[in-house]
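Input: a single structure, listed below in structure tokens.
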Amino acid sequence: MSSAENYDDLDFDPVLLRQKYKEEREKRLREDGNEQYIEVKGDFSRYVDDPYVERTDREPVADEVEVVIIGGGFGGLLAAARLREAGVEDIRVIEKGGDFGGTWYWNRYPGAQCDIEAYVYLPLLEELNYIPKEKYSFAPEILAHSAAIGRHYNLYDNALFQTQVTEMRWDEGDERWIIATDRGDQIRARFVSMANGPLDRPKLPGIPGIANFQGHTFHTSRWDYGYTGGSSEGGLSGLKDKRVAIIGTGATAVQCVPHVGETAQQLYVFQRTPSGVDVRGNSPTDPDWAANLEPGWQKARMENFNSLVSGVPQEVDLVDDGWTDLIGKMLEMLRNGASEDGNGRTLPEIMELANFEKMNEIRARVDELVDKPDAAEALKPYYQMFCKRPCFHDDYLPTFNRPNVELVDTDGRGVERITEKGLVVNGQEYEVDCIIFGTGFEVGTEYTRRAGYQIIGRDGVKLSDKWATGMRTVHGMQSRGFPNCFLMSAQQGGFSANYPHLLNEAAVHIAHIVGYARENAIGTVEVTQQAEDDWVDTIINATGPMMQIGGEGCTPGYYNNEGKPNPVAKYSAFYSGGSIQFWDLLSSWRKDGKFKGVEFDGQELAQTE
Ligand code: NDP
């Protein structure tokens, strides 16, 4: 778009906004990209210690099970549930934490809450006959639900908690995986499902001097209630006489800052890039609504939500919240824009304008809620929606009106230095008693580094070596050379904002393949080279999805490899047709019964048309 006259119909100036977004992005680009973060190991390994459960000693286990599932979060629980339904009895979940729950086991920070409506986010609600108490559940309820799933599917007896897998190695001789752990276990398994989770390994910022600080520190995913007092519901009485720093203003900080601000003597929130924070609007579950739900309601609701957030209009918006509103509004603007095509705008231009308008609303909300003008200005996000994860909260922004809370905006540069006593920004030192790192989780580092174990397939080939030049799978779930092994991840699959929905679809698919192999006494299940090559081509040669997350023009963050072009990133892309098309594709593949692209004991089934 070249001439300003094109925008006479708008009440904002897209040229100025475009320029501002560019400046904000450029300010934040850094040479070290993803390397700026410190891996949590060696001197920093205490940051991943489990603060919730005492470590118990046990004898090493040496036995054989039919299926090992690595990870007891939603992915592992869903895989186990669907495998049980497919008749598999002998399942063992191996989990680092002390219980089921995954991200909800670790993330117990005050205010932790699901961001997607609980009725579509919590898995297996109908199977367990459970209705969440509120539209957006808080962490303790989600953790309890995870345990309930474990009990319902009888997964506790065979599970190994507080156990980190260190290696899984394919034994060609008797077609088993041998899984080694940090407890000295040697477990043989016919099938393995890897449900490690996408945001599992906390990361620390490589701020100069980070190791020098003499006060207390912890990462939000290992909240230290021993120090702060209180619970996930707040009441952090231990902070009454403490000066606290929180580094980071992502989705986690947005939820915990109000609680820390409520009790700390002084809270400094160190911001590099503000999040966009829209309305939350939580409410208790209406018992009449719950009592009248028809069988199949959860699947229907999940599909309704996923359609709306994928841009497929629906007759009704069952969830009707910030997510569906946000995408719905953008689509409406698109439709309105498109109908005025007398102004000669192309679809990408109309989309950009719709995005500007939504972000204008988000910025206007900051002015409505934050009294201090400097803080309000600094809290406004200047980037496209979906460059960063959208946040929803009603108390985060007003927290900055409190006299004991100060936003320390670093103008995109991050904290300059950490000293023995505090943090330095713009040459000013802020002395604190405690630093809380809300700095997120590793993304974009090697799969096996994040998983924490080596995966060694046929002929001693490591998955990390095979994928050194880019991920290679069929449907994001199976990789040649790694028989009887299934991954659960969004990469090379269809992405949904409702991650458990995606995990459920993967679980159904995996259970289908494993179920068939068992019924037919098949030894190995492995994708063909052709199927893998074809799928990788489909992923890397796709044209961009309609609503991209973290595009190249975005401010840096984990959505776009910290703003640095990454030659192998395109291999980890989502299926460009979106989750609905992807799941339809999987479902048709299962229905036709030909298992195209999969070898059973080295042979594909006959592929008649
Ligand atoms: P994020 O990676 O989203 O945020 C990390 C924060 O740390 C960013 O604000 C980042 O700034 C900041 N940061 C990093 N380095 C520095 C530095 N040197 N100086 C100052 N600031 C720094 O992590 P979160 O834990 O907040 O969230 C991770 C993901 O977990 C979310 O995106 C979401 O997917 C999920 N989540 C979901 C929730 C839910 O469903 N309810 C709740 C919480 C999290 P910058 O942006 O500039 O990089």
Side-chain angles (χ1 to χ4, degrees), residues 24-25 27-30 32-38 74 102-104 106-118 120-122 136-139 142 197-210 219-223 245-257 268-277 280 282 322-323 379 381-383 386-393 396 407-418 423-425 435-444 490 495 497-500 549-550 554-563:
E24 293 296 323
R25 168 183 149 84
K27 240 186 233 179
R28 291 171 169 82
L29 286 174
R30 3 186 326 160
D32 52 2
N34 221 355
E35 297 301 311
Q36 68 182 281
Y37 297 105
I38 294 176
F74 282 0
T103 198
W104 297 102
W106 297 110
N107 287 282
R108 303 185 187 196
Y109 58 82
Q113 181 185 28
C114 66
D115 236 346
I116 300 281
E117 195 206 59
V120 299
Y121 180 80
L122 267 61
Y136 302 94
S137 300
F138 285 93
I142 308 178
L199 295 166
D200 174 55
R201 244 176 104 77
K203 67 181 192 244
L204 293 170
I207 300 170
I210 184 170
H219 189 274
T220 49
S221 66
R222 306 287 189 274
W223 195 271
I246 293 185
I247 304 183
T249 49
T252 298
V254 164
Q255 292 185 334
C256 69
V257 156
Y268 298 109
V269 179
F270 289 85
Q271 172 179 276
R272 191 164 68 176
T273 310
S275 282
V277 188
R280 169 67 307 155
N282 198 10
W323 288 97
L379 284 161
Y382 283 98
Y383 47 76
F386 302 116
C387 277
K388 298 232 169 229
R389 187 173 198 287
C391 296
F392 305 89
H393 212 284
Y396 175 71
L407 178 76
V408 184
D409 183 48
T410 66
D411 197 24
R413 289 184 298 269
V415 173
E416 221 167 278
R417 213 153 31 92
I418 296 182
L423 305 91
V424 179
V425 170
I435 302 177
I436 302 172
F437 292 104
T439 44
F441 304 87
E442 280 193 23
V443 175
F495 180 76
N498 186 12
Y499 206 81
I549 56 170
C554 278
T555 38
Y558 80 82
Y559 276 4
N560 68 350
N561 193 43
E562 301 295 332

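Remember, it's 1-based here, ligands and their atoms both numbered in the order they're listed. Counting begins at 1 with the first residue of the sequence.
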*List for me each residue that meets salt bridge (Lys or Arg N to Asp or Glu O under 4.0 Å) alongside Arg222, sequence neighbours excluded, and say none if there are none.*
none
*So, do His219 and Phe441 have ring centers that fall under 6.0 Å from each other?*
yes
*asked:* Using modelled atom types and a 3.5 Å cut-off, is there a donor and acceptor pairing between side-chain atoms of Thr439 and backbone atoms of Gly248?
replied: no
_Using modelled atom types and a 3.5 Å cut-off, is there a donor and acceptor pairing between side-chain atoms of Asn498 and backbone atoms of Val120?_
yes
*side chain to side chain contact (heavy atoms under 4.5 Å, CB included) partners of Gln36, counting only residues at least two apart*: Arg30, Asp32, Arg272, Glu562
*With sequence neighbours left out, what residues match Phe392 under ring-ring contact (aromatic ring centres under 6.0 Å, His included)?*
Trp323
_List the protein residues in contact with ligand 1, where contact means a heavy-atom separation under 4.0 angstrom._
Tyr37, Tyr109, Gln113, Cys114, Asp115, Leu199, Pro205, Ile207, Ile247, Gly248, Thr249, Gly250, Ala251, Thr252, Gln255, Arg272, Thr273, Lys388, Arg389, Gly414, Val415, Gly438, Thr439, Gly440, Phe441, Tyr558
